[in-house]
Amino acid sequence: MLAVALGRRDAEESVTAIAKHLGVGRSTLYRTLAAYGEAAATTDAPRITDHRVVPPDNRR
């Protein structure tokens with residue numbers, strides 16, 4: 001679900017439309033995206049890009 005949300009967000013779809021498509025609330029999606037962004041910025045954990053998990057050493 002996160003990969004779908006990130007892909008749609010990267011395609012500049014609104015959070016409202018993404019949340020509706022996924023069947024979750026907007027606030028849930030906002031919190032999830034914020035937590036993902038914070039974790040990706042502060043850790044060496046793999047991140048999701050283009051619907052794939054990319055190891056830290058291959059990040060763009």
Within 6.0 angstrom of Arg26 CZ, more than 12 heavy atoms from elsewhere:
no
If you compare all heavy atoms of Ala5 against all heavy atoms of Leu33, which two are closest, and at what distance to 0.1 Å?
CB-CD2, 4.5 Å
Measuring from Tyr36:OH to Leu29:CG, what's the distance to the nearest 0.5 Å?
13.5 Å
Roughly how far, to the nearest 0.5 Å, is the CZ atom of Arg8 from the CG atom of Leu22?
7.0 Å
Taking C-beta and beyond as the side chain, do Thr32 and Met1 meet within less than 4.5 Å on heavy atoms?
no
